[in-house]
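Numbers restart at 1 for each chain; the letters A, B, ... are given by sequence-line order, proteins then strands. Keep in mind the model is a prediction, meaning the values are calculated, not measured.
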Number of protein chains: 2
Amino acid sequence: MSTQAPRRVRTGKRQDVMTAALNEFQEHGFLETSMDRIAEVAHVSKRTVYNHFASKEALFEAILDELIVRCGHLEFPPLNEEPLEDQLLVIGRMYAELVTSDDFIKLSRVVLSRFIQSPRMAGTAVTGREPQKPIQNWIETAQKQGRLPPFDAAQATTQFAGMITSTEYWPRLIQNETAFDEQGRDQYLKSIVSMFLGHYAHLETPTSPA
Amino acid sequence: MSTQAPRRVRTGKRQDVMTAALNEFQEHGFLETSMDRIAEVAHVSKRTVYNHFASKEALFEAILDELIVRCGHLEFPPLNEEPLEDQLLVIGRMYAELVTSDDFIKLSRVVLSRFIQSPRMAGTAVTGREPQKPIQNWIETAQKQGRLPPFDAAQATTQFAGMITSTEYWPRLIQNETAFDEQGRDQYLKSIVSMFLGHYAHLETPTSPA
DNA sequence: ACTTTACTGCACCGTTCAGGGTAGTTTCAA
DNA sequence: TTGAAACTACCCTGAACGGTGCAGTAAAGT
């Protein structure tokens, strides 16, 4: 299994290596993936891999960097005059989308497979503490403007995000299952928003549909 | 680093090996732990390890089995006449306790470190889908007895459990941090219960303390 | 045509590690 | 006391793997 690489005019070897490595890493984990294997999958000689990346570690870091950039930062529309319910629903959707995006899942897998035992940086990207910061900011803004009463915003954020990740993120990360179809998910998000605001904003909540 | 093992009269070698292996596995992961290392930590010759366990894989499975048994099954007090709030709080506490117990965390780590890439059994024990079943049962019982209105019990359970795991389980698993002290946790649980029942049981909820 | 650059293929090194073999020693029960 | 079972110390193997060196080729710029 090697011989002729498929006709490849461009000199995107470096990118090929990274792509192959990313897939192997996220599928089989860091240690279970050999450099030989990566070279093979990338249709590239092992030496080429090492010409581009000094070591397996360096290759891994390069992938991490790219992935982090690719995931970017959540940017919600700023607090406006619309009903909080509608705005929070949008936020919930965006958060769920980020957290289930291919890139984010890959990033999580790759990080997790490497750092379960060394908490150095594992937590930062993975536990979702980082990406849920914008939610907290939004809540705090709403509080400052008197649209929400004072309460522990960090805790509330954790609750809100926790309900989302527990169905959207973790199951997808660990197994590959998705709990909902498009529509089921939206109904679930609505239920979360309603519960959340019902508790924290004294909203009259129509009971959720059976 | 060998010579005389510390005075050890009993012939608990097999148990010693399992204990040592469990610790090494959960701390360093499956692949990063060598059989030599396990033998050393267990104060046992490598040959003894292999006399008890046919292979590294077999040793791993034995540990898994023991751990699963040790975690046991959640058994809540059955639905009674007390206020639902109190009962649900107890349930929340018990669930949180299980999910943060040393054994459960170790089990999760050990499984996770081995099976991120093969969903075979990873999910079963880890995602917490299994241990949250008793919660769902409790809710369904309450619905049958008319103490709670009809709604999607599975979804509600996921929400409830999700809020707990997101602060108690995942941070502890990935990093080793605990989000709360004893008292903060209880306040958090109360907030969850209040939010949950406020939404699903039309309870008049006094707003949470600021 | 010539040089440079990227790439290949392959042999090779050093290490780590699972697992086996064995001869000798300790433990313990009959 | 004796004999079997458990255990130890130590040596060995074969394979996998990270990483290097090198000679050669294909292509692209000049």
Side-chain angles (χ1 to χ4, degrees), chain A residues 1-64 110 113-115 117-118, chain B residues 1-64 110 113-115 117-118:
Chain A
M1 49 211 60
S2 53
T3 61
Q4 69 217 9
R7 292 297 94 227
R8 187 172 292 289
V9 188
R10 235 186 4 92
T11 322
K13 303 279 181 180
R14 191 191 153 93
Q15 202 37 244
D16 292 353
V17 171
M18 286 186 68
T19 305
L22 169 55
N23 283 331
E24 294 301 305
F25 280 155
Q26 72 108 7
E27 196 164 336
H28 306 293
F30 180 80
L31 285 150
E32 301 87 329
T33 300
S34 71
M35 293 298 262
D36 294 83
R37 172 70 184 160
I38 291 173
E40 187 188 324
V41 171
H43 300 288
V44 142
S45 79
K46 185 178 173 182
R47 211 57 185 77
T48 298
V49 176
Y50 276 101
N51 284 340
H52 282 292
F53 305 95
S55 66
K56 195 179 181 182
E57 188 64 39
L59 172 55
F60 181 81
E61 306 256 331
I63 288 174
L64 258 203
V110 145
S113 85
R114 184 99 176 84
F115 295 119
Q117 59 277 3
S118 64
Chain B
M1 50 211 63
S2 53
T3 61
Q4 69 218 7
R7 293 296 93 228
R8 186 173 293 286
V9 188
R10 231 179 16 85
T11 321
K13 303 280 180 181
R14 189 191 154 93
Q15 202 37 243
D16 293 352
V17 171
M18 286 186 67
T19 305
L22 169 56
N23 284 331
E24 294 301 306
F25 281 155
Q26 71 110 4
E27 197 164 335
H28 307 291
F30 180 80
L31 285 150
E32 301 87 330
T33 300
S34 73
M35 293 297 262
D36 295 81
R37 172 71 183 159
I38 291 173
E40 186 189 325
V41 171
H43 299 288
V44 141
S45 80
K46 185 177 172 181
R47 212 59 185 75
T48 297
V49 175
Y50 276 101
N51 283 341
H52 282 292
F53 304 96
S55 66
K56 195 179 180 183
E57 188 63 39
L59 172 54
F60 181 82
E61 304 256 332
I63 289 174
L64 257 203
V110 146
S113 84
R114 185 99 177 83
F115 294 118
Q117 59 280 4
S118 64

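B/His28 has its NE2 atom 16 Å from the C1' atom of C/dT16, to the nearest Å. Put simply, CD on A/Glu32 is 15 Å from P on C/dC17, counting in whole angstrom units. When the C1' atom of C/dG9 is taken as reference, atom OH of A/Tyr50 falls 16 Å away, rounded to whole Å. Look at CE on B/Met35: it is 21 Å from P on D/dT13, rounded to the nearest Å.
In the set D/dG19, C/dT8, D/dC7, the nucleotide with an atom closest to the side chain of A/Thr48 is C/dT8. Nearest nucleotide to the B/Ser45 side chain, out of D/dA9, C/dG9, C/dA18: D/dA9. Counting only heavy atoms from C-beta on, B/Asn51 has its side chain closest to D/dT8 among D/dG19, C/dA18, D/dT8. Checking D/dT8, C/dA18, C/dG19 against the side-chain heavy atoms of B/Lys13 singles out D/dT8 as nearest.
Side-chain N/O atoms of A/His52 include none lying less than 4.0 angstrom from OP1 or OP2 on C/dA6. Between D/dC7 and B/His43, no contact under 4.0 Å exists linking OP1 or OP2 to a side-chain N or O. For B/Lys56 and C/dA18, the shortest distance from a side-chain N or O to OP1 or OP2 is below 4.0 Å. Side-chain N/O atoms of B/Lys46 include none lying less than 4.0 angstrom from OP1 or OP2 on C/dG20.
Residues B/Glu32 and A/Leu31 have side chains in contact (heavy-atom distance under 4.5 Å, counting atoms from C-beta outward). B/Leu59 has its side chain within reach of B/Met35: a pair of non-hydrogen atoms, C-beta onward, lies under 4.5 Å apart. In this structure, B/Phe53 and B/Arg14 have side chains that are in contact, with non-hydrogen atoms separated by less than 4.5 Å.
For B/Arg47 and C/dG21, a side-chain-to-base donor-acceptor distance below 3.5 Å is present, hydrogens and geometry of angles not being considered.
For the pair B/Lys56 and B/Phe25, the cation does not sit on the ring face, since its NZ or CZ is not both under 6.0 Å from the ring centre and inside 45° of the axis.
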